[in-house]
K.L.:
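The structure's right below; bear with me while I get my questions together.
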Protein chains: 2
Amino acid sequence: MDTPALASQPCPDDILAQSAALMSSQGYHGTSMRDLARTTGRSLSGLYHHFANKEELLYLINERGFSPLLANAERLRGEYRSGNGRPVAAGPASAALLCDLIGSHLGYFGSHLNEMRVLMFGTQPMSSAHGQAIRQLKERYTEIFNFAVGQYIEARREAATATEIERKTYLLFGMMNWIFGWYSLDEHGPVEALAEEIYTTFTKGCLALRPAAARDE
Amino acid sequence: MDTPALASQPCPDDILAQSAALMSSQGYHGTSMRDLARTTGRSLSGLYHHFANKEELLYLINERGFSPLLANAERLRGEYRSGNGRPVAAGPASAALLCDLIGSHLGYFGSHLNEMRVLMFGTQPMSSAHGQAIRQLKERYTEIFNFAVGQYIEARREAATATEIERKTYLLFGMMNWIFGWYSLDEHGPVEALAEEIYTTFTKGCLALRPAAARDE
DNA sequence: TTCGATACCGAACGAACGTTCGGCCTGTCA
DNA sequence: TGACAGGCCGAACGTTCGTTCGGTATCGAA
């Protein structure tokens, strides 16, 4: 009898990678199990040895694609906090944290473009349990960036409100994530240079105070 | 005999709006003609009175959703150029152009969220002719922003290379377009305030010079 | 040498898909 | 009053979908 992959044996990486490639260009619903069987060089039924159903495959792509990125971000925040009995000035440290986070994000993006594209299509096609799990990973990740942006601003000008920090964090994510639609190594150079440009643009830009008349809350 | 809508009679707006709403949350392939018939309160076959096939419906959503936005941007650029026998200083004028473009973009985004989401899913499911048409609209639109960003920078610091301007334009689009994933009127206030924040962040950020060591080209 | 688990397959299932067809109303205009 | 076109159906077409089932080849442990 087949064991229908209750997360028992790990799903082979080549299946996940090739599925991500297909889904990133055609979408989840636009990619059929027969497409996947053909490109992975397996039979249709053979695929079901590695995951219970198509939806779980989507979950695995999301989970395995995103976890290393989150782990790295959590490590960076941990280093920032442990070096923070504050003999070191908070200013340079918060700049370094933000810079490292951006570099980590874009570096991973550049080498996992397909998985990141799938990730951005959203959790909507997933079962509530799987969708919830992925959404939690994303929230934890967002929270780290939110923290870093808050620390950066706090060390340099009058404190921003929580929702202002949140908005600015989303602007930063916008600059970083939008590259999925236009970036190519040949035309735009290595991601490291791009990361630096985004870091510079964001940090120079986010410190501006809004005119008092337009202040929110 | 039915005339299968060779762009003859215009497709009713309610069909386009409700189709965009459905497709924006489930994707093109994830939305069936039966879904559309149910939500528009029509029969399955009755839908085909207004467009030749599902793919043309996608094209119509894209075309009708994007055209007003492009027209507005072209008008703004026209006004900028006509006011440019340069008695007026180029600096303030280029700032106003950029500010207006951002305001136009976000204003339209805010009131056509579903159509814009569909637009961002890409032209891939469309036939080559339709896809090509939409891609051209997008290119003309991008080119206008590219022009505005170039003018803005040129009036304020040493000239940037074409690819640097292009990259910065994409960063701006990233900040603006990414809002589709997080923005809600209740939590984040009116789009006008957001437009101003993006304008400020971008203009303050984009003038920074990259350290010579990292200069490209 | 037998055993059981692992990795895989061909063939088929029922359901859902996009699309088509013939016909039915309800106006308008001659 | 009759002809006709536009807007819309119900029912069905052939195809493709995700998934299942019974079976086979391989291989390390007993």
Side-chain angles (χ1 to χ4, degrees), chain A residues 1-20 22-23 25-62 118 121 124-131, chain B residues 1-20 22-23 25-62 118 121 124-131:
Chain A
M1 198 208 293
D2 277 346
T3 44
L6 293 167
S8 51
Q9 260 69 24
C11 178
D13 282 334
D14 69 305
I15 293 184
L16 290 182
Q18 290 175 294
S19 301
L22 240 60
M23 288 186 183
S25 72
Q26 307 173 187
Y28 173 73
H29 292 295
T31 305
S32 71
M33 294 297 295
R34 285 165 179 82
D35 288 338
L36 297 177
R38 199 177 315 114
T39 48
T40 57
R42 266 164 254 246
S43 76
L44 190 50
S45 48
L47 284 178
Y48 283 87
H49 188 70
H50 303 288
F51 43 83
N53 49 47
K54 191 186 178 188
E55 188 263 1
E56 186 182 283
L57 172 62
L58 176 61
Y59 168 74
L60 289 174
I61 293 173
N62 275 263
V118 172
F121 284 159
Q124 201 266 354
M126 279 185 246
S127 76
S128 59
H130 282 158
Chain B
M1 198 208 290
D2 279 346
T3 42
L6 294 167
S8 53
Q9 261 68 24
C11 178
D13 282 335
D14 68 306
I15 293 184
L16 289 181
Q18 289 175 295
S19 301
L22 238 60
M23 287 187 185
S25 73
Q26 305 171 185
Y28 173 74
H29 291 294
T31 304
S32 72
M33 294 299 294
R34 286 162 179 84
D35 288 338
L36 296 178
R38 199 177 314 114
T39 48
T40 57
R42 265 164 253 246
S43 75
L44 190 50
S45 48
L47 284 178
Y48 282 87
H49 190 70
H50 303 288
F51 42 84
N53 49 47
K54 190 186 176 187
E55 188 263 6
E56 186 181 284
L57 172 63
L58 177 62
Y59 168 74
L60 289 174
I61 294 173
N62 275 262
V118 173
F121 284 159
Q124 200 267 351
M126 279 186 247
S127 76
S128 59
H130 282 158

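The structure presented is a predicted model; accordingly, all values stated were derived computationally and were not measured. Order of the sequence lines fixes the chain letters, A, B, ..., with proteins taken first and strands second; residue numbering starts at 1 for each chain.
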K.L.:
Starting from the 5' end of DNA chain D, give me the residue, B:Arg42 or A:Asn53, whose nearest nucleotide shows up first.
P.N.:
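Its nucleotide being nearer the 5' end, the pick is B:Arg42.
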
K.L.:
Can you see which heavy atom on A:Ile15 is nearest to which on A:Thr40, and at what distance?
P.N.:
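Here A:Ile15 and A:Thr40 meet closest at CA-CG2, 4.2 Å.
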
K.L.:
Find every protein N or O atom lying less than 3.5 Å from an N or O atom of nucleotides 14-17 of chain C, and list the pairs.
P.N.:
unit_1: C:dC17; atom_1: OP1; unit_2: B:Ser32; atom_2: OG; d: 3.4

K.L.:
When the distance from CD of B:Glu56 to P of C:dT19 is rounded to whole Å, what number comes out?
P.N.:
11 Å

K.L.:
For the atom pair CG (B:Leu47) and CZ (B:Arg34), what is the distance rounded to the nearest 0.5 Å?
P.N.:
11.0 Å

K.L.:
Tell me whether the side-chain N or O atoms of A:Ser45 pair up with the base of C:dG10 as donor and acceptor below 3.5 Å, since no angle test is needed here.
P.N.:
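Counting by modelled atom types and ignoring angles, a donor-acceptor contact under 3.5 Å is found here.
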
K.L.:
Search all heavy atoms of B:Leu58 against all heavy atoms of B:Pro125 and return the closest pair with its distance.
P.N.:
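Minimum heavy-atom separation between B:Leu58 and B:Pro125: CD2-CB, 4.0 Å.
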
K.L.:
Main chain of B:Ser32, side chain of B:Asp35: is a donor-acceptor contact present, judged purely on distance under 3.5 Å?
P.N.:
yes

K.L.:
Counting only side-chain heavy atoms from C-beta out, which of C:dG18, D:dT19, D:dG7 sits nearest to A:Leu44?
P.N.:
D:dT19

K.L.:
Reckon B:His49 has a side-chain N or O less than 4.0 Å from the OP1 or OP2 of D:dC9?
P.N.:
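No.
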
K.L.:
What is the separation between atom CG on A:Leu36 and atom P on C:dC9, rounded to the nearest whole Å?
P.N.:
14 Å

K.L.:
Considering every strand and a 4.0 Å limit on heavy-atom distances, what is the contact class for B:Leu47: base, sugar-phosphate, or nothing?
P.N.:
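Touches nothing.
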
K.L.:
Which nucleotide wins on minimum distance to the side chain of A:Ser43, given the candidates C:dC9, D:dC9, C:dA7?
P.N.:
C:dC9

K.L.:
What is the distance from atom OG1 of A:Thr31 to atom CD of A:Gln26, rounded to the nearest 0.5 Å?
P.N.:
4.5 Å

K.L.:
Quick one: pull up SG in B:Cys11 and CG in B:Leu60 and give me the separation to the nearest 0.5 Å.
P.N.:
6.0 Å

K.L.:
Of the options D:dC8, C:dT20, D:dT20, whose atoms approach the side-chain atoms of B:Tyr48 most closely?
P.N.:
C:dT20

